[in-house]
Amino acid sequence: MPSLFVIRGNDQGTRFELEGSTITIGRDSSNQVQLHDTGVSRHHAEIKRVENRFLLVDLNSSNGTLVNGKRIQEHWLTSGDQIQMGRTLMLFTSPAEDAQPETPWNVAISSEPDEDRSQIVSALKQEEGSRFFANAVVGNDPWTVQARRNLEIMYHTALAISHTVDIDQLLNRIMDLIFQWVEADRGCIMLIDPETNRLVPKVLRARKGAERPGKLIISQTILDYVRERNEGVLTSDARHDERWDSGASIFQAGIREAICVPMQGRYGVVGVIYIDTSMSPQEMVRRGNTNKFTEDHLRLMIAIAHQAALAIEDTHYYSAMVQAERLAAIGQTIATLSHHIKNILQGIRGGSYLIEMGLNKHDEELIRKGWTIVEKNQAKISGLVMDMLTFSKEREPDLQPADLNQLIADVIELMQSRAEECNVELTWKQEGPIPVLIFDPEGIHRAVLNLVTNAIDATAERPQPRKVEITTRYDEAQGKVWITVQDNGPGIPPELLDKIFSPFVSVKKGTKGTGLGLPVSQKIVQEHGGRLSVESVIDQGTTFTIELPAIRPAEAGPVESSATGEMHALPPE
């Protein structure tokens with residue numbers, strides 16, 4: 001079944017199977033393919049199935065759709081195409097049509113006597129298979145023509161499997177390619193289970209029109225031979241082969257040809273590929289001793305299996321690397337949070353100690369001082385938890401008509417006492433009136449509050465005068481509104497401008513900052529389809545600007561992401 005596999009972005013590792021005649025893609029939960037990416041529009045694109053072809057259509061998204069690095073409006077997809085929407089990169093894969101992947105039969109490895117009469121006609125190691133392609137020369141004789149064709153097959157095989165990082169997709173793609181280029185009737189790819197060291201069937205395939213028994217029987221003798229000697233084998237009628245004991249499991253009723261090759265990678269054998277042909281007794285009599293499979297097919301299968309094994313090892317390595325990065329990120333997060341929580345607990349412990357002393361001495365002033373310390377640290381814990389929840393959870397803004405002027409007034413009222421405590425002058429400059437707009441008041445309140453808090457903390461250690469100014473501006477023609485928070489603090493070093501929006505990166509001194517305020521503010525703004533930018537000059541101050549789409553209640557509709565959906569750090573003047 002065709003599918004999209006996410007190889008980069010918030011949904012990395014997710015595979016979406018494409019079912020139905022029209023598949024919608026976007027950020028909204030109503031889409032069959034929902035991408036948790038703020039750079040993706042709510043209804044970004046769709047894939048239309050036309051017979052056995054797939055047409056990708058961009059739905060006039062804000063950030064556009066790219067296929068293999070080029071922006072498109074419509075594009076007929078082919079297996080291996082890379083599709084980018086926002087920060088998400090996906091791989092499109094589609095199985096070949098001449099094979100039957102949904103087969104109601106299974107695999108049995110035969111080890112009973114008198115169950116297999118095929119013989120190993122040829123056995124080759126991987127190095128011998130590789131040398132098959134070393135002597136191709138220009139010419140038109142049959143051998144040269146076949147060699148050139150095999151080289152072309154290997155090129156397409158390497159190209160196809162290099163675009164796949166999902167094991168299931170990779171194995172199905174390999175079997176598709178084999179059935180395209182080798183006249184096999186049935187096939188199976190088996191991988192070695194690292195825990196049991198046994199071969200486990202992963203992909204079964206039968207060509208359309210080929211006879212499909214209820215069970216595909218594979219000789220245990222052949223599998224043991226391939227694994228022990230690390231050689232690919234070509235088998236046929238074993239009745240006259242003296243190498244095989246007549247009681248061995250290689251004998252099976254009926255006549256059949258088969259090829260079985262090891263999937264030899266850099267570090268060992270990861271599995272085997274098995275293909276066979278089935279012939280009726282009448283066809284065998286008609287064809288005489290002519291076989292469908294030759295040593296050329298065996299050499300080709302050895303080369304394909306080697307390429308597949310390398311791809312599987314790379315996929316395992318990639319999965320392990322992703323898992324290691326996730327574990328490292330979790331470890332770093334836990335270590336950072338533990339550090340912040342420890343400092344907060346120390347503050348609470350110090351406040352509790354003062355309260356206890358005050359109670360013992362009946363000193364109300366000491367009790368009040370201790371309670372103030374406890375209260376401040378409780379606020380820190382609450383802020384840390386809220387920032388963690390906001391940053392970690394993908395959420396849609398709760399859009400509703402709201403008064404931005406009232407929101408800014410609430411922030412100033414909330415922060416005024418802290419500003420006075422730090423001897424900071426907190427002011428608000430309104431550049432014209434702002435009508436009622438559609439936005440998430442709780443989210444924007446938190447974003448502005450984080451910026452104002454940071455600005456006050458930045459100026460608190462500076463000599464007088466200490467100033468923080470909030471500016472609001474609305475432009476009806478552009479359909480945008482701006483909220484600017486400017487301070488005259490020490491500024492942010494240029495080398496840190498690109499890092500301040502990363503989680504747990506703080507420029508505050510000591511243990512004042514958690515490193516989550518700015519990432520949370522940026523995330524909230526991006527969820528509104530806006531952007532958060534910063535300008536800073538050392539020893540002069542820093543300016544943060546929130547730019548939001550100004551949507552009037554009468555115009556309310558889906559809010560798309562901004563043109564880039566990214567933070568813009570402006571260089572110092």
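Ion pairing of Glu364 with Arg368 is present here, as a side-chain N (NZ or NE/NH1/NH2) and a carboxylate O approach within less than 4.0 Å. Here Glu469 does not pair with Lys467 in a salt bridge; the nearest charged N to carboxylate O distance is not below 4.0 Å. A salt bridge links Glu547 to Lys480: one of the charged nitrogens lies within less than 4.0 Å of a carboxylate oxygen. Checked for salt-bridge contact, Arg418 and Asp457 meet the test: a charged N lies under 4.0 Å from a carboxylate O. Checked for salt-bridge contact, Glu365 and Lys369 miss the test: no charged N lies under 4.0 Å from a carboxylate O.
A pairwise comparison of heavy atoms in Gly370 and Leu354 identifies CA-CB, 3.7 Å as the closest pair. The shortest non-hydrogen separation linking Ile72 to Asp58 is O-CB, 3.9 Å. Considering every non-hydrogen atom in both Ile444 and Ile524, the closest pair reads N-CG2, 4.1 Å. Residues Arg462 and Asn488 share a closest heavy-atom pair of NE-O, 3.9 Å. Taking both residues in full, the closest heavy atoms of Ala45 and Leu56 are given as CB-CD1, 4.2 Å, listed atom of the first, atom of the second, then distance. Heavy-atom minimum distance, Asn31 versus Arg42: ND2-O, 2.9 Å.
Counting only heavy atoms from C-beta outward, the side chains of Ile551 and Leu399 never approach each other to under 4.5 Å. By the 4.5 Å heavy-atom criterion applied to side chains, Leu532 and Leu451 are counted as neighbours. Proximity of Ile438 to Pro401: side-chain heavy atoms (C-beta onward) are separated by under 4.5 Å at one or more points. Residues Val525 and Leu548 meet the side-chain proximity criterion, which asks for heavy atoms closer than 4.5 Å. For the pair Thr38/Arg87, a side-chain contact is recorded, criterion being any heavy-atom separation below 4.5 Å from C-beta on. Looking at heavy atoms from C-beta onward, Phe92 lies in side-chain contact with Pro2 at the 4.5 angstrom threshold. The side-chain heavy atoms of Leu404 and Ile483, taken from C-beta on, include a pair separated by under 4.5 Å. Under the 4.5 Å side-chain criterion, counting only non-hydrogen atoms from C-beta, Phe439 is not in contact with Val481.
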Assess the residue pair Arg53 and Trp76 against the criterion (side chain to side chain contact (heavy atoms under 4.5 Å, CB included)); give the C-alpha distance rounded to whole Å, side-chain angles, the decisive distance to 0.1 Å, and a yes or no.
CA-CA 7 Å; Arg53 301 183 67 193; Trp76 288 102; 3.3 Å; yes
For side-chain hydrogen bond (donor to acceptor under 3.5 Å, both in side chains), just list the numbers for Asp81 and Thr78, CA-CA rounded to whole Å, side-chain angles, deciding distance to a tenth of an Å, and then say yes or no.
CA-CA 6 Å; Asp81 279 345; Thr78 59; 3.3 Å; yes
Between Glu46 and Thr24, does the side-chain hydrogen bond (donor to acceptor under 3.5 Å, both in side chains) criterion hold? Intermediate values first, please.
CA-CA 4 Å; Glu46 64 182 16; Thr24 58; over 6 Å; no
Output, in order, the C-alpha distance, side-chain angles, deciding distance and verdict of side chain to side chain contact (heavy atoms under 4.5 Å, CB included) for Val67 and Gln82.
CA-CA 6 Å; Val67 177; Gln82 294 188 13; over 6 Å; no
For side chain to side chain contact (heavy atoms under 4.5 Å, CB included), just list the numbers for Met175 and Ile189, CA-CA rounded to whole Å, side-chain angles, deciding distance to a tenth of an Å, and then say yes or no.
CA-CA 8 Å; Met175 189 60 77; Ile189 297 180; 3.4 Å; yes
Using side chain to side chain contact (heavy atoms under 4.5 Å, CB included), reason through Tyr474 and Asn405 one step at a time and then give a plain yes or no.
CA-CA 11 Å; Tyr474 166 68; Asn405 295 314; over 6 Å; no
Determine, stepwise, if the pair Asp403 / Gln406 fulfils side-chain hydrogen bond (donor to acceptor under 3.5 Å, both in side chains).
CA-CA 5 Å; Asp403 187 347; Gln406 184 60 48; over 6 Å; no
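Under a 3.5 Å cut-off, the side chain of Asp363 and the backbone N or O of Gly358 do not form any donor-acceptor pair. A donor-acceptor pair under 3.5 Å links the side-chain atoms of Arg466 to the main chain of Ala460, judged by distance alone. At distances below 3.5 Å, at least one donor-acceptor pair connects side-chain atoms of Ser521 with backbone N or O atoms of Ala447.
To the nearest 0.5 Å, atoms OG1 (Thr14) and CZ (Phe5) are separated by 8.0 Å. Between the CD1 atom in Ile373 and the CD1 atom in Ile348 there is a gap of 11.0 Å [rounded to 0.5 Å]. The CG atom of Asn60 sits 5.5 Å away from atom CD of Gln73, with the distance rounded to the nearest 0.5 Å. Taking CZ of Arg266 as the reference point, atom CG of Leu310 lies at 5.0 Å (rounded to 0.5 Å). Note that CD of Gln430 is 5.0 Å distant from OG1 of Thr472, once rounded to the nearest 0.5 Å. Once rounded to the nearest 0.5 Å, the distance linking CG of Asp37 with CD of Gln526 reads 9.0 Å.
Between Thr65 and His44, the side chains place a donor N or O and an acceptor N or O closer than 3.5 Å (distance only, hydrogens not considered).
Within 6.0 Å of the CD atom in Gln464, the count of heavy atoms belonging to other residues, nucleotides or ligands exceeds 12. The environment of CD in Glu431 is crowded: more than 12 heavy-atom neighbours from other residues, nucleotides or ligands sit within 6.0 Å. Within a 6.0 Å radius of CD in Glu356, other residues, nucleotides and ligands contribute 12 heavy atoms or fewer.
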